[in-house]
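Read the structure below first, then the notes.
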Amino acid sequence: MAERNYKDTLNLPRTDFPMKANLPAREPELLKKWNEMGLYQQIQKAREGHELFVLHDGPPFANGDVHMGTALNKILKDLVVKSQTMLGKRAPYVPGWDCHGLPIEYKVVRESRDLSPLEVRKRCDAFARKYVDIQRQQFKRLGVLGDWEHPYLTLDPKYEAEILRAFAVFVEKDLVYQSKKPVFWSTGAQTALAEAEVEYQERDDTSVYVKFPIVGGKRSPNASGVDLPPNTSIAIWTTTPWTLPANLAIAVDPKEVYVVQEFRRDGVAETLLIADKLVAQFCANTKFEPTGEPLASFPGANIDQIKARHPFLDREAIVLIADFVTMDSGTGAVHIAPGHGEDDYNLGRANKLPILSPVDDHGKLTDEAGVPSLTGKYVFDANGDVVNLLRDHGNLLGARNFHHSYPYCWRSKTPIIFRNVEQFFIRIDELRPRALEAIHNEVRWVPAWGENRIAGTVESRPDWVISRQRSWGVPLPVFYSPEGKPILDAKVIRKLADLVAARGSNIWFELSDADLAKELGLPAGTTKRNDTIDVWIDSGVSHQAVCALHPELRDPADMYLEATDQHRGWFQSSLMTSIALKDRAPYKICVTHGFVVDVDGKKISKSGTYDKPMDAGHFVGKHGADLVRLWASSIDYTDDVPFSEEMFTRLGDTYRRIRNTLRILLGNLFDFPVGPPEVALASRQSSSRHRLEADATSETDPINLTLVDRWILGRLDEVIRECRAAYEAFEFHKVYHILNQFCAVDLSSLYVDITKDRMYCDETGSPRRRAAQAAMREIFTALCRLLAPVLAFTADEAWSYATTDHSVHLEEFPKTQDRGNEAIEQVAELLKLRAVIGQAIEKARQEKLIGNALEAAVVLQSSSEVTNQIDKTELEEFFILSDLTIEPGKETGATVTKTAYLKCARCWRHREYVGKSKTHPDLCDRCEGVVTKMAGPR
RNA sequence: GGGCCUGUAGCUCAGUUGGUUAGAGCAUGCGCUUGAUAAGCGCAGGGUCACUGGUUCGAGCCCAGUCAGGCCCA
């Protein structure tokens, strides 16, 4: 006769919570539910009156799809917001977008040329709004909760007005000044260009070697006391002879060796100062020959501040040391025209040189150049004249054609020049000391080295150029008197702000000069220009425009959280404007994360050759948002953030392990009577969906926890404590590891495995079984809540199988119960013994002595006290064994033989009692009891 | 070229003030189970702690340099 099948007498786990997550399909359903119930609003309402935590969103640029880097940033923010909320705080999240700026304008202008500024602005506006909508959808899809229907946009008239009001304060505090700065200038389009609008073409130019005879200054600058020989000239080299009229200095490298050497060519001798390394190249290019040994040799630092005569103007050029001098080409002495180059400009400013740029909008030299014959000449046509001028003055050492790649205007296809343009600046020196003070004293930097980094950039940053010759931005509120003098007036700017708040900043472009002047009460004849404010001001004043004015927020914010490039970007612009406006930092904590890098640690370039998918949408569609969130939580974001398909495969394993752990807990709780008894009863009969709300009164019998129960609850306490601490410290990857470990080791391979016997085989209402269920219920509810910030969808889904009314996101994190750690210490001992037994059983298996571990008779030689303290039944349960004998001994060891006991047909354990019953010879004592009771009185 | 940072098993991370044989999870291999089953359990293998030198009785940890990578600047 076949063995009776006892399967239907077991309490096998039951749940509708699916094993297969199918996140890409399930998540949108949950999102819909959240949206319909107004989850974000419910959470805010539930937290009314609680301590406030403001994470202020750094606005992403409204341009393009959300890629993994942006997704990482938003998810990290969401982890902060969700975890702070569950720590009991009110953590509103108002997302924002940065809408003005070149990237959008560039795209718009490239599509259709020759638009008026107003038309450009209208199209940019539409473009930005389109991408705000696209990104909003994508962020929401990631499970990020926030006030998505009321984000802040820097193009909002009210926001724009705040930018202008901040500007008014800058003006009032005399932080704004006007000066000149060279920019890329298109002579064809008569406009300033951004780097992105520059394209490179090959072209031929005249390169010249020029001598600057040394005059006055320190004639014997050598530290070693060596005099420079008389009649020494400094040799320079340039490919833009037309900039020579604007020359004001010569730069040398302080560390490189320079020599003074006599050269000859066609019987003419020259004594030249030149970098040692470039003598040979100079000779090859000019046909000069060195004569004799160098007359002097010294590092460039030694000729700092000496002076040389300009090759054709009645002026001197000063020698300066600089770090950008290269030894690739030229002479090692670099011609400096502060009005015609970035390096030149910075060096000139640092040394208080004038910023000379004698060129007009069309690229024609002006009389400021000081050479009447050149006035009105297009710079590229003037090169030949300059060469002649040099030759006439006897200061031309050589001229030759030079083929190189040169920047061109993408629109007019004309060669670009560097040219001075009037710009407006903010005096950083006025703000720097307070900014540094705030950095060091008022802000917590996460990671800590952020302090160093931003301090470094603040220490070294030059004045802030805040004007742009662009259309897509907030108008630069500067007016010009009929005489052309700039008018910076805080009162007028505030009036303009009111006008912009009411009618939008397009008003600046829509109204004529006269009408605008009238609106603002400026004298007739006042004019405006179409410059705009640097977009870093836009986002940089969000602490005022958003945090200070939004009724739910607060200024200063508790936290800013951005990628590390923002140490120089938004963190700094926000700090500077906040110091200017409020004399304090706009944030209390600054968190930075690294950039997303490839599996090899290589950067993932957006424009480069990287061909693998990087859109967040790709991964959300393929794996689900919870997997992307799990990824974001699993890494240490303070470093570069690794990213690869393999990681997603691994994360999928982790995810399934966590999901299955939740599932088995739910399955084991299907009949646990909690809540009002009738509800428990009803749910038990109708479905495996049931309530898990704690309700102590429903438990009639006190629950007697066994060792493993006490242990797992002790572990849960540790897990809760560690997770809370990790969330409080914003160390999400610790949460990931803690919970992963807890699910995989403590629960799956230990607690759930160990308690299977009582869960399945004990009588339904047995105290041991109920004890395990009580523990599991507590674990399940705690686990869901601890997971909720990370697995925002899955935790809520699982939660819904245990409750009926509200989302897990309305909960707070579980609290520790301070259960003591006696059980943890005992189990730590038992785990050591377990390993010894495991090895012995494995050996027996390999020897084909046994198959299943339940077939083993184990004799354990224990040197541990714990085996005396714990009841043998509990030890057998813990080790999941049928037949265990303990022998106290000095050393720990285990021997395994095949047990002589018969196998219980119901619980599969080999027990002494099996075969001894008359009614149930195939059952053990425990199972016989259960089966008999189930049959009940007829 | 300068500033700030990073480099521990195939992957993601631990590694306390320097102190036994450097840990965990996942992955891999070999088994067991088929009552969590597109699951579960056990055992095992896997690391010159980027490299070189130094300080020390002793270095993954401290110091110097090199290499590789990232962000920012030039």
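Numbered from 1 within each chain, the chains take letters A, B, ... in sequence-line order.
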Taking the same atom, [atom1], in [N] and in [M], what whole-Å distance lies between them?
| N | M | atom1 | result |
| --- | --- | --- | --- |
| B:U33 | B:G40 | C1' | 8 Å |
| B:U20 | B:G54 | C1' | 25 Å |
| B:G45 | B:A24 | P | 12 Å |
| B:G42 | B:U55 | P | 48 Å |
| B:C72 | B:G60 | C1' | 30 Å |
| B:U21 | B:U37 | P | 46 Å |
| B:G2 | B:U66 | P | 10 Å |
| B:C63 | B:U16 | P | 15 Å |

Report yes if a side-chain nitrogen or oxygen of [X] is closer than 4.0 Å to either non-bridging phosphate oxygen (OP1 or OP2) of [N]; otherwise report no.
| X | N | answer |
| --- | --- | --- |
| A:Arg834 | B:G42 | yes |
| A:Arg909 | B:G35 | no |
| A:Lys734 | B:C13 | no |
| A:Lys7 | B:G35 | yes |
| A:His733 | B:A14 | yes |
| A:Tyr760 | B:A36 | yes |
| A:Asn452 | B:C5 | yes |
| A:Arg461 | B:A74 | no |

Does any nucleotide pair with [N] by Watson-Crick or G-U wobble geometry, both distances under 3.5 Å, and what is it?
| N | answer |
| --- | --- |
| B:A9 | none |
| B:G60 | none |
| B:U17 | none |
| B:C4 | B:G70 |
| B:U37 | none |
| B:C43 | B:G29 |

Please classify the nucleic acid contact of [X] as base, sugar-phosphate, or nothing, using heavy-atom distances under 4.0 Å.
| X | answer |
| --- | --- |
| A:Thr654 | nothing |
| A:Pro447 | nothing |
| A:Ile635 | sugar-phosphate |

Quiz item: Are A:Thr70 and A:His67 close enough, and set up right, to give a side-chain contact (heavy atoms from CB on, under 4.5 Å), and what steps lead you there?
Solution: CA-CA 5 Å; A:Thr70 339; A:His67 58 92; 3.2 Å; yes
Of all the choices, [options], which nucleotide is nearest to the side chain of [X] once you look at every atom?
| X | options | result |
| --- | --- | --- |
| A:Asp653 | B:C26, B:A36, B:G42 | B:C26 |
| A:Arg568 | B:G25, B:C5, B:C72 | B:C72 |
| A:Met647 | B:C41, B:A36, B:U12 | B:U12 |
| A:Thr564 | B:U6, B:C32, B:C71 | B:C71 |
| A:Arg650 | B:G40, B:A27, B:C13 | B:A27 |
| A:Gln839 | B:U34, B:G3, B:A44 | B:A44 |
| A:Arg453 | B:A39, B:C26, B:G70 | B:G70 |
| A:Asn660 | B:A14, B:C41, B:G40 | B:G40 |
| A:Leu12 | B:C13, B:G35, B:A74 | B:G35 |
| A:Asp639 | B:A36, B:G35, B:U6 | B:U6 |

Quiz item: If you find the nucleotide of RNA chain B closest to A:Ala853 and the one closest to A:Leu750, which residue's nucleotide is nearer the 5' end?
Solution: A:Ala853
Practice problem: Find which nucleotide of RNA chain B each of A:Asp565 and A:Arg845 is nearest to by heavy atoms, and output the residue with the more 5' nucleotide. | Solution: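 Looking at the nearest nucleotide for each, A:Arg845 comes out on the 5' side.
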Separation of atom [atom1] in [X] from atom [atom2] in [N], rounded to whole Å:
| X | N | atom1 | atom2 | answer |
| --- | --- | --- | --- | --- |
| A:Tyr655 | B:A38 | OH | C1' | 15 Å |
| A:Arg629 | B:U12 | CZ | P | 22 Å |
| A:Asp343 | B:G2 | CG | C1' | 13 Å |
| A:Leu651 | B:G10 | CG | P | 18 Å |
| A:His737 | B:C11 | NE2 | C1' | 10 Å |
| A:Asn740 | B:A24 | CG | C1' | 10 Å |
| A:Lys848 | B:C32 | NZ | C1' | 10 Å |
| A:Asp757 | B:G35 | CG | C1' | 11 Å |

Whether [X] and [Y] hold their rings parallel, tilted or perpendicular, with breakpoints at 30° and 60°:
| X | Y | result |
| --- | --- | --- |
| A:Trp711 | A:Phe878 | perpendicular |
| A:Phe643 | A:Phe648 | perpendicular |
| A:Tyr637 | A:Phe732 | tilted |
| A:His737 | A:His733 | perpendicular |

Practice problem: Please confirm whether A:Phe780 and A:Phe672 have ring centers closer than 6.0 angstrom. | Solution: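 No - the distance between ring centres of A:Phe780 and A:Phe672 does not fall below the 6.0 Å cut-off.
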Practice problem: Determine whether A:Lys843 and A:Val896 make a side-chain contact, defined as any pair of heavy atoms from C-beta on separated by less than 4.5 Å. | Solution: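 No - every pair of side-chain heavy atoms lies 4.5 Å or more apart.
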Quiz prompt | Ring centroids of A:Trp908 and B:G35 base under 5.5 Å with planes under 30° | solution = yes
Any salt bridge between [X] and [Y], counting N to O under 4.0 Å?
| X | Y | value |
| --- | --- | --- |
| A:Glu928 | A:Arg911 | no |
| A:Asp626 | A:Arg26 | no |
| A:Glu718 | A:Arg721 | no |

Quiz item: With a 3.5 Å cut-off and just heavy-atom distances, do the side chain of A:Ser748 and the base of B:A36 make a donor-acceptor pair?
Solution: yes
Exercise. Kindly indicate whether the side chain of A:Glu842 and the base of B:G42 share any N or O donor-acceptor pair separated by less than 3.5 Å?
Key: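 Side chain to base: pair present.
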